[in-house]
Amino acid sequence: MKKTVLVTGAARGIGFSIAHTLGKNGYRVILCATKPELPSEAAEILEKEQCGYVYTKCDITDPEQV
């Protein structure tokens, strides 16, 4: 059974690097960030390496979005 992780701030930078590394290591990754959609460069990287992922727009500082 695969484990699933939620990575916040995952659209770019350190958050994306963490999500990418976990995806390469067999985790299903839920990427969460305030951008309306995952930047195309990031999506291409994850898809090229066959990382299972889902992206969701969410501001974790807003209790109603969480």
Side-chain angles (χ1 to χ4, degrees):
M1 180 164 92
K2 279 189 169 185
K3 292 186 178 182
T4 302
V5 295
L6 171 68
V7 181
T8 61
R12 60 188 176 94
I14 294 171
F16 176 74
S17 293
I18 291 168
H20 180 218
T21 299
L22 289 168
K24 287 193 314 186
N25 285 295
Y27 289 84
R28 286 182 298 214
V29 183
I30 301 169
L31 294 92
C32 174
T34 58
K35 295 184 178 293
E37 56 187 51
L38 186 63
S40 60
E41 307 85 38
E44 287 174 15
I45 291 168
L46 294 173
E47 290 167 10
K48 177 181 143 196
E49 298 190 22
Q50 298 179 330
C51 299
Y53 78 94
V54 172
Y55 180 79
T56 185
K57 178 188 180 301
C58 179
D59 181 352
I60 64 167
T61 64
D62 181 352
E64 295 207 10
Q65 288 189 36
V66 177

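The figures here come from the full heavy-atom set of this structure, side chains too, leaving out hydrogens, waters and symmetry mates.
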Notebook entry, point to check: Does some side-chain heavy atom of Leu46 sit less than 4.5 Å from a side-chain heavy atom of His20?
Noted result: yes
Say whether [X] and [Y] are linked into one hydrophobic cluster, either directly or through other cluster members, by side-chain heavy-atom distances under 4.5 angstrom.
{"X": "Val66", "Y": "Val7", "answer": "no"}
{"X": "Tyr27", "Y": "Ile45", "answer": "yes"}
{"X": "Tyr55", "Y": "Ile18", "answer": "yes"}

Minimum heavy-atom distance between [X] and [Y], given as atom pair plus value:
{"X": "Glu49", "Y": "Lys24", "value": "OE1-CD, 2.6 Å"}
{"X": "Leu6", "Y": "Cys32", "value": "CD1-CB, 3.9 Å"}
{"X": "Ala10", "Y": "Leu31", "value": "O-CD2, 3.5 Å"}
{"X": "Ala11", "Y": "Phe16", "value": "C-CB, 4.2 Å"}

Check: Counting only N and O atoms by type, is there a donor-acceptor contact under 3.5 Å from the side chain of Gln65 to the main-chain atoms of Asp59?
Finding: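 Judged by distance alone, yes, a pair lies under 3.5 Å.
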Next item on the list: Determine, step by step, whether Cys51 and Val29 satisfy the side chain to side chain contact (heavy atoms under 4.5 Å, CB included) criterion, reporting the C-alpha distance in whole Å, the side-chain angles of both residues, the deciding distance to 0.1 Å, and the verdict.
Entry: CA-CA 8 Å; Cys51 299; Val29 183; over 6 Å; no
How about [X]: does its [atom1] atom have over 12 heavy atoms from other parts shown lying under 6.0 Å from it?
{"X": "Lys35", "atom1": "NZ", "answer": "no"}
{"X": "Arg12", "atom1": "CZ", "answer": "no"}
{"X": "Ile60", "atom1": "CD1", "answer": "no"}

Checklist line | Approximate separation, where rounding is to 0.5 Å, of Ile30 CD1 and Thr4 OG1 | finding: 6.0 Å
